Amino acid sequence: MRLKAVVGNWKLNGSLASNEALLKALLREVPREAPAACAVCVPSPYLAQAGQLLTGSGIGWGSQDVSRFDKGAYTGELAAGMVAEFGARYAIVGHSERRTLFGDTDAVVAEKYAAARRAKLTPIFCVGETLQEREQGLTEAVLARQVDALLDKCGVKELDGGIVAYEPVWAIGTGRTATSAQAQEAHAFIRGRVAAKDGKVAERLPILYGGSVKASNATELFSMPDVDGGLVGGASLVAEEFVAIWRAAVAQVEKGR
Ligand code: PEP
């Protein structure tokens with residue numbers, strides 16, 4: 001069975017006090033041996049706090065980006081090895097906000113994925129089309145371009161250590177969730193693209209859906225055969241909501257898928 005996971009992306013939100021309250025609330029609900037992975041990707045100054053509160057628990061933590069460089073004269077960058085030193089397991093790369101607001105190209109995202117792997121982190125590689133691209137019938141072409149850039153740079157075997165997140169840009173932070181059929185179609189396409197290189201890697205690859213996931217739509221989305229959980233922005237800041245989304249992934253594992 002493939003890993004099922006629910007990962008929170010806090011984006012640029014939090015404070016020492018509010019993080020502590022949120023993480024303690026999650027710790028009350030998520031057991032050490034959880035059937036579906038649960039993790040939070042925090043702003044990098046809070047990696048140490050996440051490590052202090054979550055070490056030894058069933059909740060993993062990670063960063064929201066990493067540099068493509070391991071070290072050197074790159075002011076403001078965050079090396080994957082530094083993230084790993086704080087006990088983090090995950091690093092998001094290629095989030096659409098990084099791609100659109102901060103200029104991360106497909107090639108840069110692939111380099112960031114490789115940097116995360118060098119540091120033994122599990123990269124969460126985000127892909128997804130804009131509304132305009134969907135309306136122009138370009139969804140598959142965009143996903144193919146984004147996935148191929150990673151396959152070309154890193155090779156398909158490197159996907160064995162990673163997670164993909166399909167995040168249609170039009171669904172992120174908008175309250176407009178993809179239908180379960182739209183998510184399934186995109187996930188199956190991504191898996192097929194990887195399978196064309198290596199069927200076994202594709203079969204093992206967790207593909208999360210992201211874009212306005214809430215407790216009220218998680219069960220339907222996660223019941224799709226190629227949807228292996230969620231990458232959750234806004235709803236990950238509310239403990240009850242995030243736990244309910246994680247429980248929806250647990251329920252799928254308990255159903256045997
Ligand atoms: C995200 O930031 O990755 C995301 C999916 O955000 P939201 O859940 O708020 O749409």
Side-chain angles (χ1 to χ4, degrees), residues 4-14 18-19 22 26 36-44 46 50 59-66 88-102 104 109 112-113 116 121-131 133-134 139 142-143 146-147 150 162-180 182-184 186-187 190 206-222 224 226-249:
K4 301 282 182 288
V6 169
V7 180
N9 172 16
W10 289 3
K11 311 195 189 200
L12 192 55
N13 294 294
S18 67
N19 302 344
L22 176 53
L26 299 183
C38 181
V40 290
C41 288
V42 304
S44 35
Y46 299 130
I59 305 173
W61 63 98
S63 65
Q64 299 168 14
D65 190 26
V66 288
R89 181 174 317 157
Y90 302 96
I92 297 172
V93 295
H95 190 280
S96 70
E97 286 152 17
R98 302 297 319 171
R99 290 179 188 262
T100 56
L101 301 174
F102 300 100
D104 282 12
V109 173
K112 289 183 170 189
Y113 185 102
L121 295 171
T122 300
I124 301 172
F125 169 66
C126 300
V127 294
E129 80 289 357
T130 63
L131 184 59
E133 287 163 343
R134 176 163 281 266
T139 299
V142 171
L143 296 178
Q146 293 172 332
V147 170
L150 183 69
I163 292 175
V164 173
Y166 168 61
E167 298 209 306
V169 180
W170 47 272
I172 297 178
T174 59
R176 185 177 166 189
T177 318
T179 64
S180 51
Q182 285 171 323
Q184 170 56 29
H187 284 225
I190 294 164
I207 307 180
L208 312 183
Y209 167 79
S212 300
V213 176
K214 303 180 216 87
S216 58
N217 57 31
T219 299
E220 193 182 338
L221 287 160
F222 298 172
M224 294 290 115
D226 286 293
V227 178
D228 302 311
L231 180 57
V232 184
S236 72
L237 299 172
V238 182
E240 250 184 30
E241 204 43 38
F242 188 58
V243 167
I245 294 167
W246 169 75
R247 289 216 172 101

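Being a predicted model, the structure only gives us computed values, none of them experimental. Note that ligands are numbered from 1 as they come in the structure, with each ligand's atoms numbered from 1 the same way. Note: hydrogens, waters and symmetry copies are ignored here, and every other heavy atom, side chains too, is used.
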When only distance counts, is [X] in polar contact with ligand 1, meaning an N/O pair under 3.5 Å?
X: G211; result: no
X: G233; result: yes
X: K11; result: yes
X: G173; result: yes

Practice item. Compute the minimum heavy-atom distance from A235 to ligand 1 and say whether it is under 4.0 Å. Key: no
Check your understanding: Salt bridge check: are K214 and E241 linked by an N-O gap of less than 4.0 Å?
Key -> no
Point to revise | Salt bridge present between R99 and D104 (N-O < 4.0 angstrom) | key: no
Considering only protein heavy atoms, which is closest to [atom], and at what distance to one decimal place?
atom: atom 5 (C) of ligand 1; result: E167 OE2, 3.0 Å
atom: atom 9 (O) of ligand 1; result: G234 N, 2.8 Å
atom: atom 1 (C) of ligand 1; result: H95 NE2, 3.2 Å

Quick one: does any side-chain atom of [X] pair with a main-chain N or O of [Y] as donor and acceptor, under 3.5 Å?
X: S18; Y: G14; value: no
X: Q64; Y: C41; value: yes
X: Y209; Y: G211; value: yes
X: E220; Y: N217; value: no

Check your understanding: So, Y166 and E129: side-chain donor and acceptor under 3.5 Å apart, yes or no?
Key -> yes
Exercise for review: For N9, counting its heavy atoms only, list the atoms of ligand 1 lying under 4.0 Å from any of them.
Suggested key: 1 (C), 2 (O), 3 (O)
Practice item. Find all atoms of ligand 1 within a distance of less than 4.0 Å from any non-hydrogen atom belonging to A171, and give their numbers and elements. Key: 10 (O)
Study note, to complete from the structure: One should read off an interatomic distance between D228 CG and L221 CG, to the nearest 0.5 angstrom, of 12.5 Å
Revision key, fill the gap. Quick look: I172 vs ligand 1, heavy-atom contacts under 4.0 Å, and the answer is both
